[in-house]
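Working notes, structure below.
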Amino acid sequence: MHLPDTLRALIIDIVQEAGLREGLDRVTVEAPRDPSHGDFATNAAMVLAKPAGRKPRELAEEIAARLGQSDLVVAASVAGPGFVNLTLTQEALASVVRAAQDGAAFTALARSATPQKVNVEYVSANPTGPMHVGHARGAVVGDALASILELRGHTVTREYYINDAGAQVDVLARSAYLRYREALGETIDIPAGLYPGDYLVPVGEALAATHGRALVDQPEAEWLPVVRDVAIDLMMERVREDLAALNITHDVFFSERSLRQPEDLVAATVERLRRDGLIYEGTLPRPKGQSEEWEDREQTLFRSTQFGDEIDRALLKSDGSYTYFASDIAYHDNKIGRGFDRLVDVLGADHGGYVKRMTAAVAALSGGRVRLDCFMCQLVKLTRGGEPVKMSKRSGEFVTLREVVEEVGRDAVRFMMLFRKADAPLDFDFEKVTEQSRDNPVFYVQYAHARCQSVKRQAVEALGPQVIEGLADVSALSLTDEGERALMRQLATWPVTVANAADAAEPHRIAFALHELASTLHMQWNRGKDNSALRFVNPDDRSSTRDRLALVEAVRAVIAQGLAALGVMAPDEMR
RNA sequence: GUCCCCGUAGCUCAGCAGGAUAGAGCAACGGAUUCCUAAUCCGUAGGUCGCAGGUUCGAAUCCUGCCGGGGACACCA
């Protein structure tokens with residue numbers, strides 16, 4: 001159990017002994033903003049007073065008195081409307097310094113008591129071209145989220161849904177076919193509506209190499225499936241390469257077409273919904289403001305309104321073919337069938353209207369057993385020196401993910417994408433990110449890690465290699481400086497941060513926590529300039545140096561854990 | 001017209017599932033380098049938390065209604 005939880009358990013014990021039962025789950029233990037309020041504070045008295053019919057401050061006094069008797073607590077005082085502020089014993093905080101040095105074991109304290117099987121679907125970019133910067137955000141957020149869920153103890157499958165069955169892959173095939181003829185020496189003209197990007201040139205060449213002129217005189221119905229399959233394969237290969245450049249790999253690539261062949265799983269899912277009475281033939285009401293181009297159409301509809309959607313949704317088009325939504329329902333049905341407790345979709349901002357219907361479908365298909373969470377990534381505004389950089393998939397002039405990674409580096413791309421709440425728009429400026437100034441938080445955090453390593457190197461130089469051995473057993477009782485205690489408090493809350501970030505599905509919390517920890521470390525390092533007694537390495541005092549090295553190592557271990565979860569390198573030295 | 005997201009310092013954003021005088025970075029101004037990496041740090045200045053109600057001991061945080069910005073809205077994936 002980590003320290004905040006230990007304290008909370010202690011408080012719950014005390015409070016239960018006093019006969020209080022109601023509202024226990026609202027009791028929290030947090031590190032107050034203002035360190036003069038103590039190391040930790042609890043709201044127990046305030047949330048429990050009302051149901052117990054007691055006065056908050058009076059109850060707080062009682063709790064404080066009992067807490068004061070604990071081995072962990074030096075002082076417990078009542079403040080404000082009924083906070084109980086706790087100052088911890090040196091030993092209590094010292095235990096964190098020892099524990100945190102084993103970063104993995106320490107982070108494992110964040111593991112959930114009820115681990116789940118979770119599927120995280122992310123990226124799922126259409127295989128019609130290389131990925132652009134917008135895709136990078138969903139990719140990074142999804143990947144980091146998956147990692148954080150794993151730290152929380154869940155079993156995670158990282159999944160990519162390949163939209164290889166719709167009209168857009170036919171467009172891809174026609175575009176590739178032109179490139180094929182081009183490769184055979186023809187002069188081609190790419191009409192509007194097809195993909196003009198020259199990334200299809202290699203596809204054309206590959207087709208020419210394997211098929212020669214065989215496809216030239218065939219009717220479209222003959223060559224299209226052939227060209228399409230080749231094009232999709234090559235596009236997906238490219239997608240994987242692009243993702244690899246970001247150090248992202250998926251466990252499962254799920255093909256939309258595999259829902260139709262060899263077995264029609266879409267039909268099976270639709271049938272099941274029909275048996276459950278959730279499907280009917282009907283026409284949708286005309287939306288207001290859509291008066292002009294609207295015509296009433298009889299369609300096969302899913303009763304998503306029964307599960308919180310605003311309107312029922314079409315599963316079959318008027319020509320009898322499935323809608324994209326129908327395929328997607330079948331796909332999620334397949335995921336449910338694979339035994340996941342929780343499904344997560346990381347989506348682009350343009351999929352906002354899709355969330356309610358899919359959530360409804362999952363609720364219907366799983367009988368409410370499986371939860372679907374959709375997380376939206378807002379747009380990335382790409383600029384260079386303040387000037388907007390266009391990225392349009394149609395224009396063929398978009399900035400690809402690969403270009404960005406090659407220009408600014410994987411670490412910077414990943415960290416920048418995560419140093420913002422996913423549902424807030426993101427500004428990404430090439431010049432700022434490549435500047436490598438402190439404007440760029442990734443360097444700030446990486447530098448903190450490198451600095452920890454540097455301190456250890458310096459210590460070895462001054463005091464010999466033994467000075468950094470066996471640090472896991474130090475007493476850490478000499479770490480009484482306010483800055484040192486601040487670091488210890490932040491370390492103590494690390495497992496809580498991980499747990500919260502996982503439960504809220506907000507990877508950016510990890511990034512911010514690391515930034516804060518880095519800041520506190522840099523601060524303490526600099527305080528050693530004014531006051532040499534505070535330096536991490538003191539050649540005249542081997543014992544306190546070892547305590548401080550243990551603290552430094554604990555900070556380093558936590559930063560390393562966090563950066564690893566975000567997929568960012570933790571360097572031993574900068575440059 | 002409906003739905004979703006956003007509205008916090010000049011700029012870019014945090015604010016941990018309501019808590020104690022609202023935080024950070026950048027920009028501005030003033031400092032710190034014989035000293036473990038100045039890619040760092042310290043200090044000053046800067047905010048009616050979009051507006052108006054409501055819920056309660058307590059609201060930037062929850063609810064309702066407006067205003068403003070972005071996105072999505074039947075056989076497009």
Side-chain angles (χ1 to χ4, degrees), chain A residues 28 30-34 37 41 43 46-47 49-50 55-56 79-83 85 126 128 163 165-169 256 283-291 294-297 299-301 309-325 327-328 348-356 376 378-379 419-421 423-427 429 432 436-441 443-444 446-448 450-451 454-459 461-462 493 496-497 500-501 503-504 506 508-509 512-513 515-516 519 522-530 532 535-538 573-575:
Chain A
T28 60
E30 295 171 333
R33 270 280 163 250
D34 185 345
H37 290 144
N43 63 353
M46 290 180 290
V47 298
K50 192 167 191 182
K55 291 180 183 170
F83 287 100
N85 293 332
N126 289 345
T128 52
N163 292 130
Q168 85 283 1
V169 290
E256 180 182 1
T283 52
L284 291 171
R286 182 179 61 192
K288 289 171 185 170
Q290 278 280 352
S291 50
W294 180 268
E295 52 182 278
D296 282 339
R297 276 190 287 258
Q299 290 170 309
T300 301
L301 301 169
D309 201 0
E310 283 99 34
I311 195 169
D312 292 333
R313 305 290 174 176
L315 294 182
L316 264 64
K317 304 176 192 173
S318 49
D319 66 6
S321 63
Y322 296 117
T323 60
Y324 175 83
F325 180 49
S327 292
D328 236 18
D350 53 340
H351 286 66
Y354 163 95
V355 174
K356 279 193 179 179
M376 238 96 66
Q378 287 296 320
L379 303 175
F419 202 59
R420 188 114 318 165
K421 219 168 28 179
D423 51 16
L426 171 70
D427 290 321
D429 193 290
K432 275 192 179 174
Q436 305 202 351
S437 69
R438 53 186 168 284
D439 206 359
N440 186 344
F443 292 99
Y444 187 85
Q446 287 185 317
Y447 181 40
R451 178 166 265 175
S454 165
V455 167
K456 280 159 53 191
R457 285 194 295 268
Q458 298 291 339
E461 204 164 302
T493 54
V496 183
T497 300
N500 288 345
D503 294 349
E506 292 187 340
H508 78 278
R509 292 194 196 184
F512 276 90
H515 193 263
E516 225 176 286
S519 171
H522 288 312
M523 189 196 311
Q524 189 63 10
W525 190 94
N526 275 275
R527 287 181 71 211
K529 295 179 154 193
D530 298 332
S532 57
R535 295 190 184 178
F536 294 135
V537 177
N538 181 353
E573 54 186 352
M574 299 304 278
R575 174 175 306 272

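Residue numbering restarts at 1 for every chain, and letters A, B, ... go by the order of the sequence lines. All figures in this text were calculated on a predicted structure; none of them were measured in a lab.
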- So, do A/Gln378 and A/Arg420 sit near enough that their side-chain heavy atoms are less than 4.5 Å apart? no
- Item | Nearest-angstrom distance, C1' atom, B/G25 to B/G71 | 28 Å
- Does a side-chain N or O from A/Tyr444 land closer than 4.0 Å to OP1 or OP2 of B/C41, or not? yes
- Note on the structure: Between A/Glu516 and A/Arg33 the two heavy atoms that sit nearest each other are OE2-NH1, 4.2 Å
- Query: Does A/Lys317 offer a backbone N or O that forms a donor-acceptor pair with the side chain of A/Ser321 under 3.5 Å?
  - Reply: no
- Picking from B/A77, B/A20, B/C3, which would you name as closest to the side chain of A/Lys317? B/A77
- Could you check whether A/Tyr354 and the base of B/A72 form a stacked pair, meaning centres closer than 5.5 Å and planes differing by less than 30°? no
- Task: With P as the reference atom in both, quote the distance from B/U34 to B/C29 in angstrom, rounded to an integer.
- Result: 24 Å
- Check every atom of B/C3, B/U21, B/U37 against the side chain of A/Met574 and return the nucleotide holding the closest atom. B/U37
- Task: Can you check whether any acceptor in the base of B/A20 is under 3.5 Å from a donor in the side chain of A/Asn85, or vice versa?
- Result: yes
- Output the single nucleotide from B/A20, B/C42, B/U21 whose closest atom is nearest the side chain of A/Pro32. B/A20
- Using the P atom in both, what is the distance from B/G31 to B/C36, to the nearest Å? 24 Å
- Message: What I'd like to find out is whether the side chain of A/Phe536 reaches to under 4.5 Å of the side chain of A/Gln458, using heavy atoms alone.
- Response: no
- Side-chain (A/His522) to main-chain (A/Tyr444) donor-acceptor, under 3.5 angstrom: yes
- Item | A/Tyr322 side chain near A/Leu315 side chain, heavy-atom distance below 4.5 Å | no
- Message: Rounding to an integer number of Å, can you tell me how far A/Lys529 NZ sits from B/A38 P?
- Response: 5 Å
- Task: Pick base, sugar-phosphate or nothing for A/Thr323, based on heavy-atom distances below 4.0 Å to the nucleic acid.
- Result: nothing
- Message: Rounding to an integer number of angstrom, what distance separates B/C13 and B/A27 when you compare their C1' atoms?
- Response: 14 Å
- Item | OG on A/Ser454 to OH on A/Tyr447, rounded to 0.5 Å | 7.5 Å
- Task: Taking all heavy atoms of A/Ala450 and all of A/Met574, pick out the closest pair and write down the distance.
- Result: CB-CG, 3.8 Å
- Query: Do A/His37 and A/Phe83 make the cut of ring centroids closer than 6.0 angstrom?
  - Reply: no
- N or O in side chain of A/Thr497 less than 4.0 angstrom from B/C16 OP1/OP2: no
- Query: Can you check whether A/Asn163 reaches A/Tyr324 side chain to side chain, under 4.5 Å on heavy atoms?
  - Reply: yes
- Message: Without decimals, in angstroms, what is the distance between A/Glu516 CD and B/C41 P?
- Response: 13 Å
- Query: Counting N and O atoms only, with roles assigned by atom type, does the side chain of A/Asn43 sit under 3.5 Å from a partner on the main chain of A/Thr28, one being a donor and the other an acceptor?
  - Reply: yes
- So, is A/Gln458 close to the B/U37 phosphate, meaning a side-chain N or O under 4.0 Å from OP1 or OP2? yes
- Candidates B/C41, B/C57, B/U2 - which lies nearest the side chain of A/Lys50: B/C57
- Does A/Glu506 or A/Gly353 map to a spot on RNA chain B nearer the 5' end, using the closest nucleotide for each? A/Glu506
- Message: Heavy atoms only, 4.0 Å cut-off, all strands: where does A/Ala501 land among base, sugar-phosphate and nothing?
- Response: nothing
- Task: Find the distance A/Leu316:CG to B/A74:P and express it as a whole number of Å.
- Result: 18 Å
- Atom-pair distance (CG on A/Asp530; P on B/G31), nearest Å: 16 Å
- Item | Length of the line joining A/Glu310:CD and B/C4:C1', which is rounded to integer Å | 9 Å
- Item | Between B/C42 (C1') and A/His522 (NE2): distance, integer Å | 15 Å
- Message: For Watson-Crick and G-U wobble pairs within 3.5 Å on both distances, what is RNA chain B written in dot-bracket notation, | included for inter-strand pairing?
- Response: (((((((..((((.....[...)))).(((((.......))))).....(((((..]....))))))))))))....
- Looking for any heavy atom pair under 4.0 Å, which part of the strands does A/Asp34 touch: base, sugar-phosphate only, or nothing? base
- A/Asp328 has an atom CG; how far is it from atom P of B/C76, in whole Å? 15 Å
- Item | Nearest-nucleotide pick for A/Ala79, side chain only, options being B/A77, B/C41, B/A20 | B/A20
- Query: A/Glu573 near the nucleic acid: base, sugar-phosphate alone, or nothing, with a heavy-atom cut-off under 4.0 Å?
  - Reply: base
- For the side chain of A/Asn500, starting at C-beta, report the closest nucleotide among B/A17, B/C3, B/A39. B/A17
- Task: In whole angstrom, give me the gap between the C1' atoms of B/A24 and B/G43.
- Result: 16 Å
- Report yes or no: is the ring centroid of A/His37 under 5.5 Å from the six-membered base ring centroid of B/A20, with the two planes under 30 degrees? yes
- Task: Pick the C1' atom in B/A28 and in B/C73, then give their distance to the nearest Å.
- Result: 46 Å
Atom pairs, protein N/O to nucleotides 11-14 of chain B N/O, distance under 3.5 Å:
residue, atom, partner, partner atom, Å
B/U12, O3', A/Asp427, OD2, 3.3
B/U12, O2', A/Arg420, NH1, 2.9
B/C13, OP1, A/Pro425, O, 3.1
B/A14, OP1, A/Lys421, N, 3.0

- Note on the structure: Of A/Gln299 and A/Ala459, the one whose nearest nucleotide on RNA chain B sits closer to the 5' end is A/Ala459
- Message: Using only modelled atom types and a 3.5 angstrom limit, is any donor from either the side chain of A/Arg535 or the base of B/C35 paired with an acceptor on the other?
- Response: yes
- Task: Between B/G23 and B/A45, how far apart are the P atoms? Round to whole Å, please.
- Result: 14 Å
- How far does the P atom of B/C62 sit from the matching atom of B/G7, given to the nearest Å? 10 Å
- A/Glu506 side, atom CD; A/Lys421 side, atom NZ - distance, nearest 0.5 Å: 7.0 Å
- Task: Can you see which heavy atom on A/Ala41 is nearest to which on A/Asn85, and at what distance?
- Result: CB-OD1, 3.3 Å
- Item | Options B/A17, B/U40, B/A20, nucleotide nearest the side-chain atoms of A/Phe83 | B/A20
- Query: To the side chain of A/Gln168, which of B/C36, B/A77, B/A20 is closest?
  - Reply: B/A77
- Can you figure out which of B/U37, B/C36, B/U2 approaches the side chain of A/Trp525 most closely? B/C36
- Item | A/Asn526 side-chain proximity, nearest of B/U40, B/A74, B/A77 | B/U40
- Note on the structure: note: A/Phe536, atom CZ; B/U40, atom P; distance rounded to Å ~ 16 Å
